[in-house]
Asker: 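What follows is a single structure, and I will ask about it in a moment.
Throughout, protein chains are lettered first and strands after them, A, B, ... in sequence-line order, and every chain is numbered starting at 1. Hydrogens, waters and symmetry mates play no part in the numbers below; they use all other heavy atoms, side chains included.
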There are 2 protein chains.
Amino acid sequence: MKATEDPAKRQRRGHGRPTLHEVADAAGVTRITVSRFIREPGKVAPETAARIQAAIQQTGYVPNHQAGQLASGASRIVAALIPNVGHSIFAETIQGLTEGLRDSGRELLLMATGYSLEHEESQLRALLGWAPGALIVTGRQHTPAALRMLRDAQDGGTAVIEIWDHPEDEDSEDGFARIGFDHKAIGRTMARHLLDQGHRALAYVDSGVAEDYRAHERGEGFAAECEARGAKVHALTAGTGDAFDAGRAVLMALGSDAKRPVTAAAFANDHLACGALMQAQSLGISVPGQLALLGFGDFPIGRQLLPALTTMRPPRAGIGQAAAEAVLAAMATGDEPVSRTMPCELIVRASTVPA
Amino acid sequence: MKATEDPAKRQRRGHGRPTLHEVADAAGVTRITVSRFIREPGKVAPETAARIQAAIQQTGYVPNHQAGQLASGASRIVAALIPNVGHSIFAETIQGLTEGLRDSGRELLLMATGYSLEHEESQLRALLGWAPGALIVTGRQHTPAALRMLRDAQDGGTAVIEIWDHPEDEDSEDGFARIGFDHKAIGRTMARHLLDQGHRALAYVDSGVAEDYRAHERGEGFAAECEARGAKVHALTAGTGDAFDAGRAVLMALGSDAKRPVTAAAFANDHLACGALMQAQSLGISVPGQLALLGFGDFPIGRQLLPALTTMRPPRAGIGQAAAEAVLAAMATGDEPVSRTMPCELIVRASTVPA
DNA sequence: TTGAAAGCGCTAACAG
DNA sequence: CTGTTAGCGCTTTCAA
């Protein structure tokens, strides 16, 4: 037994921070009254409230959410699984999420899957341990075990949402709310735009990230539309390093292959397209005269180049905000969150349509 | 008393998920044995382990971290406060953080402050409620209340780290470990590079984000070095919209002001500098002949332009990884985390040095 | 308006 | 190797 029987920190376990009990002592009430004051200040007598308020200030009390959540069973946590937090497209979605959650009294628990379904599964397990009130996952592809966890969570009252993917066909329903758009349909839109300009020999340049199935699906839609209209499509895949460089490399490949007299190319994202555009400029290839270029994502740089890049504008931050709204509503009402289609807009600029 | 005495879900409160107790029943042992199996599988007899493993599978048990942390007092949470999650510079830091934390059994609780110290304070309060084992905040400027919370947390054994700022002078020590670099010194380096090229009339274009004091400090260092070497410095501030556009606008302002015969300009970030560079191209201003341009951040686009942009390369993801390592080490040993200078590298390209 | 009793799900300490 | 006892800090009835 230590001689240091300092009354302020005589706890045996715990983390030594002030608890409700110490605030209550300092205010001359019991713990429950302090607890009430924190949650429903109106239900406490003004004088008591003042004393408690002072005691909180004086002790520097910070409520312990773990204990609170454990006791109440209500969860304040919103957990999100994102492929890559550093990628500008998802970064803005997360920013939208954090903004949408701000001042809602909810906290965001975030993990990056690195586009790996296996990581997603293990991280989902870790996340579920926090008994989140809501779960936001990217896309609709999951391992069987992850799917089961998501279903169990939803059955247990957790709001589950899949973002960045919302196919139009009923066949792909999996019982979870979705916020996003149909990537195949977007691929079709991209093809349609180019076909309407009269192109008959096109290319789709896919992302080098093998697990980015959404980019692949845009390619499928693109190819389907081309074929439906009797045009030729070539499928390429970009490299994985710097996206601008990868785009430049793709353009070289496209140009050096005499068997591919492509007059228009669509890309999995704007960075690839911008790289190709800059390389075309270096090579003196006229855009869109000799080659039309179409991107996806509407990254700021695309607007700055000459010619400016035609692209699809997805609601990057909007998806995050919509997801925040949806889970907040679901957590408030107890209902399941509702799906929402967030449309993607075609931004026509000079890289596909001559001035 | 309800008639529905379904043995599987007869709990009164709680969230209805299976608990240790149900796993234990299914495995024919007591809760503590299951708990042990989960934390230290080696300390359980192989046969028992197998039965427990099966019971976990069968029940779909997920450990409740809130309860675990509450009981053990040990925290698995790493909380981080970042100005803007969507900004590419911080997005990569977060990505570095999540990667550094992966498979460590820690979870990242993330909040964005929007560059506001008031937000930081209130979010810090919310974060502290989770009794995080580590706290990562951006920069060394905090409100007095936030500072007190950080100190209290550190005194209570929480690992606290400030990232993206690590001044060299002792005067600015505040007792927290820091991972980053000295922004004033970087500003000096930037100026030195331009001064060494013979420039005598320079400009520093500051960020339009008023609260980004780190960009301001780079400007201070820049100005100090210029003045020390008897050169003239003009201070400008960029607009707040699209950074490329803001950079373009700055270049127009610079060019149209006859009283400012500036021959070199440094920018708070690469996007501003790239905007200015592209605008110079549009206007036929020769870079670096008539005007040398210097950025900060080493964003990928800077390498692609012609001339390529000279810039400072900060360890964007590296800071996140280093922070992860530092807090993991501190949480493991119980010591305070250690500071680390992450150097920033000058990348000389053609926008300041003619080929 | 305030308090007492009970318990959320888990783990530390000590036995056996 | 396994179990018992006690309790983490808070909130929910229900009662005063």
Side-chain angles (χ1 to χ4, degrees), chain A residues 1 9-25 27-52 56 59 61-76 128-131 133 156-157, chain B residues 1 9-25 27-52 55-56 59 61-77 128-131 133 156-157:
Chain A
M1 260 190 216
K9 343 191 138 193
R10 75 184 107 80
Q11 84 296 337
R12 288 205 287 215
R13 286 194 278 161
H15 43 51
R17 279 191 269 216
T19 71
L20 268 191
H21 199 89
E22 309 183 24
V23 178
D25 281 355
V29 291
T30 50
R31 296 178 304 179
I32 188 63
T33 307
V34 179
S35 173
R36 257 200 216 97
F37 168 75
I38 288 169
R39 284 170 298 126
E40 304 161 289
K43 290 198 172 179
V44 162
E47 292 187 5
T48 318
R51 288 213 313 285
I52 295 175
I56 288 177
T59 55
Y61 172 72
V62 176
N64 182 327
H65 294 148
Q66 337 251 12
Q69 181 161 326
L70 186 59
S72 72
S75 177
R76 303 157 41 95
L128 283 173
W130 294 104
Chain B
M1 261 190 215
K9 350 189 128 190
R10 74 183 106 78
Q11 83 296 336
R12 288 205 288 213
R13 287 193 276 161
H15 43 51
R17 278 191 268 216
T19 71
L20 267 192
H21 199 89
E22 310 182 23
V23 178
D25 280 354
V29 292
T30 50
R31 295 180 303 179
I32 190 65
T33 307
V34 179
S35 173
R36 258 199 215 98
F37 168 75
I38 288 169
R39 283 170 298 124
E40 303 161 290
K43 291 200 171 178
V44 162
E47 292 187 5
T48 319
R51 287 213 314 283
I52 294 176
I56 288 176
T59 55
Y61 172 72
V62 176
N64 182 325
H65 294 148
Q66 337 252 10
Q69 181 161 326
L70 187 59
S72 72
S75 177
R76 304 157 39 95
I77 289 186
L128 284 173
W130 293 103

Asker: Does the A:Thr59 side chain pair with the main chain of A:Val23, one donor and one acceptor, at a distance under 3.5 Å?
Answerer: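 No, A:Thr59 side chain to A:Val23 backbone: no donor-acceptor pair under 3.5 Å.
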Asker: D:dT13 P sits how many Å from A:Lys43 NZ, rounded?
Answerer: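 The distance from NZ of A:Lys43 to P of D:dT13 comes to 12 Å, rounded to the nearest Å.
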Asker: By nearest atom, which of the nucleotides C:dA12, C:dT2, D:dC10 is closest to the B:Ser72 side chain?
Answerer: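 The answer is C:dA12, which lies nearest to the side chain.
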Asker: Going by heavy atoms closer than 4.0 Å, what residues in residues 28-40 of chain A are next to DNA chain C?
Answerer: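 Those residues are A:Val29, A:Thr30, A:Ile32, A:Thr33, A:Arg36.
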Asker: Could you give me the CA-CA distance, side-chain angles and deciding distance for A:Leu70 and A:Gln66, then say whether side-chain contact (heavy atoms from CB on, under 4.5 Å) is met?
Answerer: CA-CA 6 Å; A:Leu70 186 59; A:Gln66 337 251 12; over 6 Å; no
Asker: Considering only side-chain heavy atoms of B:Thr19, which listed nucleotide, C:dT11, D:dT2, C:dG9, is closest?
Answerer: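 In terms of side-chain proximity for B:Thr19, the closest of C:dT11, D:dT2, C:dG9 is C:dG9.
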Asker: For a quick test of your reading: what N or O donor-acceptor pairs under 3.5 Å do the side chains of residues 41-51 of chain A make, sequence neighbours left out?
Answerer:
| residue | atom | partner | partner atom | Å |
| --- | --- | --- | --- | --- |
| A:Arg51 | NE | A:Ala27 | O | 2.9 |
| A:Arg51 | NH2 | A:Ala27 | O | 3.2 |

Asker: Are the side chain of B:Glu22 and the backbone N or O of B:Tyr61 linked by a donor-acceptor pair below 3.5 Å?
Answerer: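 Checked: no pair found.
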Asker: Tell me: CD of A:Gln66 to P of C:dT11, nearest whole Å?
Answerer: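 Rounded to the whole Å, the gap is 13 Å.
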Asker: Does B:Gln69 use its side chain to pair, donor to acceptor, with the backbone of B:Ala131 at less than 3.5 Å?
Answerer: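 Yes; judged by distance alone, with no hydrogens or angles, the pair exists.
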Asker: Could you tell me the separation between the CH2 atom of A:Trp130 and the P atom of C:dG9, rounded to a whole number of Å?
Answerer: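 Rounded to whole Å, this separation is 16 Å.
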Asker: B:Leu70 has an atom CG; how far is it from atom P of D:dA6, in whole Å?
Answerer: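 Result: 19 Å.
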Asker: In whole angstrom, give the distance that lies between atom CD of A:Gln69 and atom C1' of C:dG7.
Answerer: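 After rounding, the gap between these two atoms is 16 Å.
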Asker: Applying side-chain contact (heavy atoms from CB on, under 4.5 Å) to A:Asn64 and A:Thr19, what does each step give before you reach the verdict?
Answerer: CA-CA 8 Å; A:Asn64 182 327; A:Thr19 71; over 6 Å; no
Asker: Hey, which sits more toward the 5' end of DNA chain D by its nearest nucleotide, B:Pro46 or B:Ala67?
Answerer: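 Result of the comparison: B:Pro46.
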Asker: Taking atom P of D:dG9 as reference, at what distance in whole Å does atom NE2 of B:His65 sit?
Answerer: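 So the NE2-P distance, B:His65 to D:dG9, works out to 20 Å.
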Asker: Starting at atom CZ of B:Arg76, determine the distance to atom P of C:dG9, rounded to an integer number of angstrom.
Answerer: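 Interatomic distance, CZ of B:Arg76 to P of C:dG9: 18 Å.
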Asker: Using a distance-only test with no angle check, is there a side-chain donor-acceptor pair under 3.5 angstrom linking A:Arg31 and A:Ser35?
Answerer: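 No, no side-chain donor-acceptor pair sits under 3.5 Å.
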Asker: Round to the nearest Å and state the distance from A:Asn64 atom CG to C:dC8 atom P.
Answerer: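 The distance from CG of A:Asn64 to P of C:dC8 comes to 18 Å, rounded to the nearest Å.
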